[in-house]
Enquirer: 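Can you keep this structure in mind? I'll have questions shortly.
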2 protein chains.
Amino acid sequence: MAIEAPSRRRAIEDVASGLFRERGYAATSIRDIARALDIRGASVYAHVTSKEDMLWAIVERAATAFEEQADQALAATLGADPGRRLAALVRAHVGVVTSDPEVASVFVHEWRHLSVARRQLILDRRDAYQRRFHELIDAGVADGTFAATDPALAATFILSALNGIATWYRPTGRLGVGSIATHFAALAVRAVGGSADATETRR
Amino acid sequence: MAIEAPSRRRAIEDVASGLFRERGYAATSIRDIARALDIRGASVYAHVTSKEDMLWAIVERAATAFEEQADQALAATLGADPGRRLAALVRAHVGVVTSDPEVASVFVHEWRHLSVARRQLILDRRDAYQRRFHELIDAGVADGTFAATDPALAATFILSALNGIATWYRPTGRLGVGSIATHFAALAVRAVGGSADATETRR
DNA sequence: CCTACCGATCGGTAGG
DNA sequence: CCTACCGATCGGTAGG
């Protein structure tokens with residue numbers, strides 16, 4: 001009758017990502033997480049195998065969400081001009097960040113606490129993700145839609161601005177998700193010299 | 001005969017900011033810092049009173065550098081149009097970050113490990129710093145130099161992009177400081193709808 | 001700047 | 001999910 005509770009494992013990850021975002025991974029103890037769940041520290045290990053495994057699960061989930069939403073945005077705008085496609089990519093990114101800012105923030109900031117092997121896996125996926133922005137900017141510069149900029153640097157500029165949202169976004173803030181997405185799409189497209197007109201979405 | 005060595009205290013802070021940038025404050029122990037200096041952990045306390053005091057000294061120094069360079073950039077462009085002034089502000093920020101990326105990175109990311117009182121002092125100074133960008137964008141929107149954007153959001157967008165440099169910048173990287181500053185000034189000014197022509201500096 | 005040491009807390013395990 | 005416990009490491013102090 002009651003709504004099926006999410007798995008205990010997932011509930012632990014949710015509490016953990018909130019604390020990791022607030023205090024950082026290294027400054028958050030297993031006992032901190034347990035306290036927030038009103039259980040003992042040792043009990044956490046009935047559901048997770050190690051602290052790092054929790055971090056990995058959170059980071060992995062975020063990486064997948066970013067990739068999936070970006071691919072969907074690109075597929076939905078196939079053939080459109082680079083400005084419109086970049087705007088769609090920005091909107092997708094803003095959507096992922098705002099739908100789970102805790103997980104997004106951990107993905108952006110805490111990956112360096114992963115083991116070297118896992119860290120490398122995430123860095124590779126981050127590179128591949130950034131390449132989507134890079135290539136779109138390349139295309140826009142090539143066809144004259146965008147101004148002549150360094151495409152790699154422009155991609156870094158835009159992604160840094162986007163990732164900042166994971167730090168400051170609060171659901172109760174002044175601006176709603178749609179407003180942030182619209183503004184950020186316009187800011188990003190204009191930054192590379194594109195027209196902000198290409199930015200609006202039809203409802 | 002030899003060049004006067006910088007104070008020991010400062011040498012410790014330099015090593016500390018490098019480690020804090022790489023691993024984060026919480027994941028860096030006093031013994032890690034001591035090891036990098038080839039001394040014992042307890043010996044660090046001959047020069048600093050606590051780990052948090054070291055963090056505070058680094059963060060404080062960074063805050064002052066940002067404020068001073070921003071004020072100088074604004075003073076040097078008094079009366080110029082908002083696009084040129086914003087470009088100068090961006091160049092100043094890039095200059096501070098690239099001249100000491102370790103310290104800048106600690107300032108951007110590690111302030112939350114300060115005591116509540118010190119954290120609040122830094123947050124207030126960060127707000128005041130951001131207000132310089134905010135007000136300049138306000139002025140540009142008001143006089144029609146910039147497009148109609150949300151000035152607070154635009155300031156956040158630009159500052160997030162700028163602070164990202166502290167994470168990825170390496171002196172040995174592909175682009176030199178001047179090139180990064182020029183590109184970022186153009187990206188920032190265009191983002192708010194200004195003309196990138198206002199961005200170039202005379203030599 | 002060192003040796004020797006302190007109490008507290010850490011991630012994690014044993015065995016229910 | 002608990003109690004009881006482990007070795008390791010933490011920030012920091014005493015006393016040279």
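Every chain is numbered from 1, with letters handed out A, B, ... down the list of sequences.
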Enquirer: In whole angstroms, how far is the P atom of D/dC10 from the CG atom of B/Asp32?
Expert: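 Checked: the CG to P distance equals 6 Å.
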Enquirer: Rounding to a whole Å, what distance do you find between B/Lys51:NZ and D/dC10:C1'?
Expert: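 Rounded to the whole Å, the gap is 8 Å.
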Enquirer: Separation of A/Arg40 atom CZ from D/dA4 atom C1', in whole Å?
Expert: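 Answer to the nearest Å: 12 Å.
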Enquirer: Taking the side chain of A/His47 as heavy atoms from C-beta outward, which of D/dG11, D/dC1, D/dA4 is closest to it?
Expert: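 In terms of side-chain proximity for A/His47, the closest of D/dG11, D/dC1, D/dA4 is D/dC1.
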Enquirer: What nucleotide among C/dA4, D/dC1, C/dT13 has an atom nearest to a side-chain atom of B/Ala42?
Expert: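 Taking heavy atoms from C-beta onward, the closest nucleotide is C/dA4.
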Enquirer: Report yes if at least one side-chain N or O of B/Arg31 is closer than 4.0 Å to OP1 or OP2 of D/dG12; otherwise report no.
Expert: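 Checking B/Arg31 against D/dG12: no side-chain N or O falls below 4.0 Å of OP1 or OP2.
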Enquirer: Expressed in angstrom and rounded to an integer, what is the separation of B/Ile30 atom CD1 from C/dC10 atom P?
Expert: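 Interatomic distance, CD1 of B/Ile30 to P of C/dC10: 17 Å.
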Enquirer: Salt bridge or not for A/Glu67 and A/Arg126, using N-O below 4.0 Å?
Expert: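 A salt bridge is absent here (no side-chain N lies under 4.0 Å from a carboxylate O).
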Enquirer: Could you check how far CZ of B/Phe20 sits from P of D/dG11, rounded to whole Å?
Expert: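 To the nearest whole Å, that distance equals 9 Å.
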Enquirer: Hunt down the Watson-Crick or G-U wobble partner of C/dA8, both distances under 3.5 Å, from any strand shown, or write none.
Expert: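 Its partner is D/dT9 (Watson-Crick or G-U wobble, both distances under 3.5 Å).
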Enquirer: Nearest to the side chain of A/Ser50, which nucleotide is it out of C/dG12, D/dG11, D/dC1?
Expert: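 So the nucleotide nearest the side chain must be C/dG12.
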Enquirer: For C/dC10, does either OP1 or OP2 sit under 4.0 Å from a side-chain N or O belonging to A/Ser29?
Expert: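 Answer is yes, contact under 4.0 Å.
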Enquirer: Please report, rounded to the nearest Å, how far the C1' atom of D/dG11 is from the CG atom of B/Leu55.
Expert: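 Value for this atom pair: 14 Å.
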Enquirer: A/Tyr45 has an atom OH; how far is it from atom P of C/dG15, in whole Å?
Expert: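 Answer to the nearest Å: 18 Å.
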Enquirer: Begin from the C-alpha positions of A/Arg91 and A/Thr182 and carry the test side-chain hydrogen bond (donor to acceptor under 3.5 Å, both in side chains) through to its verdict.
Expert: CA-CA 7 Å; A/Arg91 285 182 165 281; A/Thr182 299; 2.8 Å; yes
Enquirer: Could you tell me which nucleotide pairs with C/dG16 by Watson-Crick or G-U wobble geometry, both distances under 3.5 Å, or answer none if nothing does?
Expert: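 Pairing partner: D/dC1.
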Enquirer: Under 3.5 Å, is there a donor-acceptor pair between the side chain of B/Thr28 and the main chain of B/Gly24?
Expert: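 Yes, the answer is positive, given that a donor and an acceptor are paired below the 3.5 Å cut-off.
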Enquirer: In whole Å, I'd like the distance from the CE atom of B/Met54 to the P atom of D/dG12.
Expert: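 Those two atoms, CE and P, are 11 Å apart.
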Enquirer: Is NZ or CZ of A/Lys51 both nearer than 6.0 Å to the six-membered ring centre of A/Tyr25 and within 45° of the ring axis?
Expert: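 So A/Lys51 does make the cation-pi contact.
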Enquirer: Does A/Arg85 use its side chain to pair, donor to acceptor, with the backbone of A/Thr77 at less than 3.5 Å?
Expert: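 At least one qualifying donor-acceptor pair exists.
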Enquirer: Which nucleotide wins on minimum distance to the side chain of A/Ala46, given the candidates D/dG12, C/dT3, D/dC1?
Expert: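 Of the options given, the side chain of A/Ala46 lies nearest D/dC1.
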